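Each remark here refers to the structure printed beneath this line.
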Amino acid sequence: MKELNDGGLALINTIATVSEAVTRVWPKLAQSIQEVGRFCLGATSSIDEFIYAYPLFMAYIWMLGALIFYFRFEFKQPHHAEQPLALLEQPLVSILVPCYNESENIRETIAVLAEQDYPYFEIIAINDGSKDNTLAILNELTEQYPMLRVVNLHTNQGKAMGLRTGALLANSEYLVCIDGDALLEPCAIGWMVRHFINNPRVGAVTGNPRIRNRSTLLGRIQVGEFSAIIGMIKRAQRSYGRVFTVSGVIAAFRKSALHDVGYWSNDMVTEDIDISWKLQLAGWTIYFEPRALCWVLMPETLSGLWRQRVRWAQGGAEVLLRYFKALFNWSARGMWLLYLECLVSTTWAYLILFYSVFACFSHVFFGDMRGPLGYDWSPGWTTTLLSLTCMVQFALSLLIDSRYEIPSHSAARYYYWMIWYPIAYWLINVATTITGSIKAVTKKRGQRAVWVTLDRGLRNK
């Protein structure tokens, strides 16, 4: 009994000691928890401000740059349907058309190319291991169009290899590259070639793609997107000195510039982004020519849009990874802001994911949209300002771009559909940016990027 009493007394003494220790430590622990809470609150508030301020800030940056470009290069200038002022030279131009399973589109594409309002050009169609009858159609078309040459790659080598093959076989120093489903405006070649003649440091000229298929909500939203977002950003980037990427569906290149940088990379999922960075890091300049129009087909299903945007996001992330070390060279300083903007844009997408998870956690455990620290999820007046800014941006860009639309297809008629852009595309953009960046990081180094069958959307006959 005495041993039991001694054991109980020892247990009581231990509990008392622990209680005393907890009593002494608790104020410090409570203070630490409060400090962590205040830090989290401040971090969450900063993240919230950045999420809403970043697109707002960039919208005004793009609008300012686009206005500068418009008044410098477009205001009171000839219309796109007119040829540029007489060129001192009209050199031979090689039009490269890489094809993969383009049997439904290639006849129309070649027929439109043959009607170009430019005196000297050849067409080189590269069949890259198509599984349909694209090759047979191309061989048939050579009898109808004497300026057409066909190159056949027996296996799917990827668009980059197709373009490289066409470039090496071309007879011209100037190459115009379009997709196998694109329709090039008759005056486009003249508008692009003039930049090469006027400036020997121009390595590439990106054209102005326009949407052909507009029969669904996604198609109509993309009409506004290519004007309000893509067209405006290209104008602004050119005003500020560097362009993130030429358009993959319509771009012109100087062959000697391509040779200088080793042509297109076979292992990059977006060869157009990669070649743009290679050229500019090597000191070549890229111009944007809004009058070089090219009518293209775009995805009009969510699955097709998803695959396209994931590929774009992956290509951008691959560029960030590959050319990070190259940016430490002083000669690459012109690309620093462009790299930083792309990096911040990717970070913005991840922060939205984090913040969305945080909001869901707060809603589940606290019953409203307040976090555990009492933070209010509602952005208040910021949302209204951001929405108004978006609509002003859309209105300005459509006003600038309306001159490049067919009158019956005026871009202004699609202004209403842009109301849905933040919902339909910002959410997709966040998801595809995250998915694409993960795919870029986990991609096997040196893996060949080959063709895949694309969603061409629905065409109005």
Side-chain angles (χ1 to χ4, degrees), residues 50 53-75 77 191-192 194-196 198-209 225-248 250-254 257 261 270 272-292 312 315-317 319-320 323-324 326-348 389-390 392-394 396-401 404 429 433:
F50 173 75
Y54 172 71
L56 190 69
F57 174 75
M58 293 309 301
Y60 287 104
I61 292 294
W62 300 141
M63 284 191 284
L64 176 61
L67 284 173
I68 293 173
F69 183 94
Y70 174 73
F71 285 109
R72 287 187 63 189
F73 304 113
E74 296 179 85
F75 185 63
Q77 294 297 313
W191 284 111
M192 289 189 286
R194 71 188 184 107
H195 294 292
F196 295 117
N198 295 335
N199 187 343
R201 292 308 302 169
V202 172
V205 178
T206 180
N208 188 2
E225 180 195 26
F226 268 68
S227 299
I229 306 300
I230 297 178
M232 175 168 281
I233 288 177
K234 275 189 167 55
R235 286 178 173 85
Q237 289 175 344
R238 181 56 248 168
S239 294
Y240 300 139
R242 296 293 185 273
V243 176
F244 181 76
T245 179
V246 298
S247 173
I250 170 60
F253 298 92
R254 189 188 300 270
V261 300
T270 50
D272 47 357
I273 301 178
D274 176 70
I275 194 63
S276 303
W277 281 71
K278 288 173 74 172
L279 287 170
Q280 291 176 114
L281 286 171
W284 295 94
T285 297
I286 294 178
Y287 279 2
F288 171 56
E289 179 47 71
R291 286 165 288 255
W312 289 1
V319 162
L320 292 181
Y323 298 112
F324 175 72
L327 292 173
F328 286 96
N329 296 324
W330 178 248
S331 60
R333 61 190 180 278
M335 302 293 289
W336 290 351
L337 287 179
L338 199 61
Y339 189 96
L340 178 62
E341 194 280 324
C342 187
L343 186 63
V344 171
S345 178
T346 303
T347 303
W348 178 77
T389 300
C390 286
V392 170
Q393 178 182 353
F394 295 145
L396 177 62
S397 60
L398 294 179
L399 180 63
I400 293 175
D401 245 28
Y404 306 115
N429 181 62
T433 297

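Side chains are part of it too, since the values below use all heavy atoms of this structure and drop only hydrogens, waters and symmetry mates. If you're wondering where the values come from, they're calculated on a predicted model, not measured in any experiment.
Applying the side-chain hydrogen bond (donor to acceptor under 3.5 Å, both in side chains) test to every pair with at least one member in residues 278-290, sequence neighbours left out, gives these pairs: Arg194-Glu289, His195-Glu289, Asn199-Tyr287, Asp260-Trp284, Ser265-Lys278, Glu289-Arg291. Screening residues 59-74 for side-chain hydrogen bond (donor to acceptor under 3.5 Å, both in side chains), with sequence neighbours left out, gives Tyr60-Thr389, Glu74-Arg235, Glu74-Tyr404.
Tyr323 meets the side chain to side chain donor-acceptor pair (under 3.5 Å) test with Asp274; sequence neighbours excluded. For the ring-ring contact (aromatic ring centres under 6.0 Å, His included) test, residues two or more places apart in sequence or in another chain that qualify with Phe73 are Phe69. Residues passing the side-chain contact (heavy atoms from CB on, under 4.5 Å) test with Ala251, sequence neighbours excluded: Val246, Phe253. Shown here are the side-chain contact (heavy atoms from CB on, under 4.5 Å) partners of Pro55, two or more places apart in sequence or in another chain: Trp348, Leu386, Trp426. Looking at residues two or more places apart in sequence or on another chain, you find a side-chain contact (heavy atoms from CB on, under 4.5 Å) between Ser247 and Thr206, Pro209, Val249, Ile250. Residues satisfying the side-chain contact (heavy atoms from CB on, under 4.5 Å) test with Leu340, not counting sequence neighbours, are Val344.
To the nearest 0.5 Å, atom CG of residue Leu396 and atom CG of residue Leu64 are 10.5 Å apart. One finds the SG atom of Cys342 at 6.5 Å from the CH2 atom of Trp277 (value rounded to the nearest 0.5 Å). Taken to the nearest 0.5 Å, the OG1 atom of Thr245 stands 6.0 Å off from the NZ atom of Lys234. To the nearest 0.5 Å, the span separating CG on Asp401 from CG on Leu399 amounts to 9.5 Å.
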Show me, pair by pair, the donor-acceptor contacts under 3.5 angstrom made by side chains of residues 332-339, not counting sequence neighbours?
| residue | atom | partner | partner atom | Å |
| --- | --- | --- | --- | --- |
| Arg333 | NH1 | Trp330 | O | 2.9 |
| Trp336 | NE1 | Leu327 | O | 2.7 |
| Tyr339 | OH | Leu320 | O | 2.6 |

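Looking at Arg254, its side chain does come within 3.5 Å of a backbone N or O of Val202 through a donor-acceptor pair.
Within the 4.5 Å cutoff, the side chain of Glu341 has no heavy atoms near those of the Ile61 side chain. Proximity of Pro290 to Trp191: side-chain heavy atoms (C-beta onward) are nowhere separated by under 4.5 Å.
In this structure, Met63 and Gln393 approach most closely via the heavy-atom pair SD-CA, 3.7 Å. In this structure, Tyr240 and Gly65 approach most closely via the heavy-atom pair OH-N, 3.1 Å. Closest non-hydrogen pair, Arg201 versus Ala282, comes out as NH2-O, 4.2 Å. Shown here for Gly231 and Phe288, the closest heavy-atom pair between the two residues is O-CE2, 4.3 Å. Closest non-hydrogen pair, Leu279 versus Ala204, comes out as CD1-CB, 3.9 Å.
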In sequence, state the C-alpha distance, the side-chain angles, and the governing distance for Val261 and Leu281, and then conclude on side-chain contact (heavy atoms from CB on, under 4.5 Å).
-> CA-CA 9 Å; Val261 300; Leu281 286 171; over 6 Å; no
